[in-house]
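Data block below; observations after.
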Amino acid sequence: MTCSGNTADGDYPVKKVYTCFTTDIIHEGHLNILREAGKYGRVTVGALSDKALIRYNRFPTVSLEDRISLYRTLEGVDDVVVQDDMTYDDIVDRIRPDIIIHGDNWKTGPERALRENCLKALEKTGGELIEVGYTYNETVSKADLLLKEKLAMPEYRRKRLRRLIEICPIVKIMEAHSGLTGLITEKTVVEKNGRLDQFDGMWISSLCDSTDRGKPDIELVDMTSRMRTVNDIMEVTTKPIILDGDTGGLTEHFVYNVRTLERMGVSAVIIEDKCGLKKNSLFGTEVEQTQDSIENFSAKIAAGKRAQLTEDFMIIARIESLILERGMEDALKRAYAFRDAGADGIMIHSRKKDPAEIFEFCDSFRNGDKDTPLVVVPTSFNQVTEEELSAHGINIVIYANQLMRAAFPVMVQTAEEILKNHRAYEVDSQLMPFKDIITLIDEL
C-alpha cells in the first residue's frame, strides 16, 4: 500500500524503515528522505552495488566502500547494507522492513516498474511504502549537475570501459555520430520484465562519421575532423567512447593520436589490420583490400601502447582475416600476436549472417586466453542475442550503424512526400514534435 503515514507511537515496537540511495553526492533531497524516515523508526540505508547502479543509469564515481562510509556519517542513519539488485525482492526478504521510504519521482517513466516491484515485495511481508515529495531546488539541481560534470571529466570517463568489462556480462555499445545521437544513446532507458536497461557506451564509427559528412569511407575525413565529432558528443554525454580508428594510419601519426584521444577522455580506439587505401569491410573480397603483415601491425600496436600515459586507455586490434577469407588459423595467429604486442582487446569481424565462424574463433581463442576482452559487431549476424555472445566469451558488442541507418530512409521519405504534395502536412503525423526532441537537451 501507499500512504503518507503518521509518527509511530512510542508504545509500539520500533519499526524497521528502509531507503535505498544511488548517489555519490548527498544533497537536500537525500537529507529530507532521512528526516522523514526517522519519524517512523530505525533507519537502514541501502547502498546500491556498482553492478546494479550501472543498470540504473548511474555510474559510480567512488567505490561501494566509500559510499557505505559516506552514508554511515549521515545523521539519522542507524545502519547501512548493500542492495545487490535494483529490484526489491531480495532486500525486502532479507531485512523485512515495516516501511520503505522513497521519493515520488519514480511514479512515471521506466522507474515505475521498480515501484511496482517494491509494492509487490512489500505485499508479501505486510510492509508499506511511503513516498516523499521529490525535492526540487537550485541546490539539488547544482548537486545533480556536479555529479554529471564529474562523470564527464576525462579521468573518470576514460577508465569506465575497463570497469564495465569487469562488472557486466556483456558491454553494450551504440553508434553515435553527433551530439544528438550521443544524447539518445546516453539517455535511452527501457524497462522489460521489471528491470531497467540501457547502453553502456558509444561507438564513433568512421563509416557513420564520413557518411554524415557526405564523404566516402576511405579515411578521407581526417582525424582532426573526426575529433570534432568526439568533442561534440563529449560535451553533452558522460558514457565511455570507443573510436573507430580505421587502420590507425602511419605509426608516427597513430602515436600522436593515441596521446590526443587519451587526453580527451576516450576509453578505447579500435584499429584494423589493413594497409593502403582503406576500403569498407562490408565489401569483403569484392574490392581489393590489403591486409597488413603481423609484424608491421604488431609494431604499430606496441608503439601506441608505449605512447600512453595512463593504464586506462585501450588499444583494440581488429582482425580482418575472416572478412578477407584468409581462414581461421590466420585469424587466431594474428589475435595472439597482437595480444602479445600489447593489444588490450581483440575485435573479430565477419560478413556472414550465421555467427558460426565468430563463435568458432571466440571459443578457440578462449581456449588459450581467458582474459583478453573480445569485441564483435553483429551487423550481419544480427539475430544473435547478447546472452549468446556472452556465452562464447565475448565482452563487448557494438551496434555500429543502426541509428544512422534508421534515420536515412525516414529523411528520404519525408523529403519525397513534401516534394510530391508541395506542403508538409502529409508527413507531420510521422514526425516527432520538436519540443519532445529538445527535452533530451539539458539546460544549465
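We're numbering straight along the sequence, starting at 1. Basis for what follows: all heavy atoms, side chains included, without hydrogens, waters or symmetry-related copies. Given the structure is predicted, the values throughout are model-derived calculations rather than measurements.
For the residue pair Thr414 and Gln430, no side-chain donor N or O sits within less than 3.5 Å of a side-chain acceptor on the partner. For Ser206 and Asp217, the side-chain atoms include at least one donor-acceptor pair closer than 3.5 Å. A side-chain donor-acceptor contact under 3.5 Å links Tyr18 and Gln83. A side-chain N or O of Thr87 and one of Asp85 form a donor-acceptor pair less than 3.5 Å apart. Side-chain atoms of Glu186 and Thr238 form a donor-acceptor pair, as typed in the model, at a separation below 3.5 Å. Side-chain contact check for Glu28 and Thr139: no donor-acceptor pair (N or O, by modelled atom type) lies under 3.5 Å. Side-chain atoms of Thr229 and Arg213 form a donor-acceptor pair, as typed in the model, at a separation below 3.5 Å. Side chains of Asp209 and His177: a donor-acceptor N/O pair is absent below 3.5 angstrom, by distance only.
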Could you walk me through whether Leu34 and Glu75 pass the side chain to side chain contact (heavy atoms under 4.5 Å, CB included) test, one step at a time?
CA-CA 8 Å; Leu34 291 177; Glu75 184 177 352; over 6 Å; no

Could you go step by step and tell me if Lys39 and Ile130 meet the side chain to side chain contact (heavy atoms under 4.5 Å, CB included) rule?
CA-CA 12 Å; Lys39 295 177 182 179; Ile130 296 176; over 6 Å; no

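Here CD1 of Ile398 is found 4.5 Å from CH2 of Trp203. Values are rounded to the nearest 0.5 Å. To the nearest 0.5 Å, atom CD1 of residue Ile99 and atom NZ of residue Lys16 are 12.0 Å apart.
The aromatic rings of Tyr88 and Trp106 lie perpendicular to each other, with more than 60° between the two planes, well past the 30° mark.
In summary, of the residues considered (Lys159, Arg162, Arg158), a salt bridge (charged side-chain N to carboxylate O under 4.0 Å, His left out) with Asp312 occurs for Arg158 alone. Checked options Val17, Asp98, Asp79; the residue passing with Arg42 is Asp79 (criterion: side-chain contact (heavy atoms from CB on, under 4.5 Å)).
In this structure the side chain of Asp84 never reaches within 4.5 angstrom of the side chain of Lys51, judged on heavy atoms. Annotation: side chain of Thr185 is not in contact with side chain of Thr237 (no heavy-atom distance under 4.5 Å). By the 4.5 Å heavy-atom criterion applied to side chains, Arg67 and Val45 are not counted as neighbours. Between Ile270 and Asp244, every side-chain heavy-atom pair lies at or beyond the 4.5 Å cut-off.
Here the closest non-hydrogen pair linking Pro60 and Leu53 is CB-CD1, 4.0 Å. Scanning all heavy atoms of the two residues, the minimum distance from Ala268 to Val266 falls at O-CG1, 3.3 Å. For the pair Met347 and Val377, the tightest heavy-atom approach, listed with the atom from each and the gap, is CE-CG2, 3.2 Å. Contact record, Ala317 with Ile301: CB-CD1, 3.9 Å, taken as the closest heavy-atom pair. Between Tyr156 and Leu151 the shortest heavy-atom distance is CB-O, 4.0 Å. In terms of heavy-atom proximity, Ser49 sits nearest to Leu64 at CA-CD1, 4.3 Å.
Applying the side-chain hydrogen bond (donor to acceptor under 3.5 Å, both in side chains) criterion to Thr260, with sequence neighbours excluded, gives no partner residue.
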Result block: side-chain N/O donor-acceptor pairs under 3.5 angstrom for residues 19-26, not counting sequence neighbours:
{"residue": "Thr19", "atom": "OG1", "partner": "Ile101", "partner atom": "O", "Å": "3.0"}
{"residue": "Thr22", "atom": "OG1", "partner": "Arg58", "partner atom": "NE", "Å": "3.3"}
{"residue": "Thr23", "atom": "OG1", "partner": "Ile25", "partner atom": "N", "Å": "3.0"}
{"residue": "Thr23", "atom": "OG1", "partner": "Ile25", "partner atom": "O", "Å": "2.7"}
{"residue": "Asp24", "atom": "OD2", "partner": "Thr61", "partner atom": "N", "Å": "2.5"}
{"residue": "Asp24", "atom": "OD2", "partner": "Thr61", "partner atom": "OG1", "Å": "2.6"}

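Sorted by first and then second residue, the salt bridge (charged side-chain N to carboxylate O under 4.0 Å, His left out) pairs involving residues 374-391 (not counting sequence neighbours) form an empty list.
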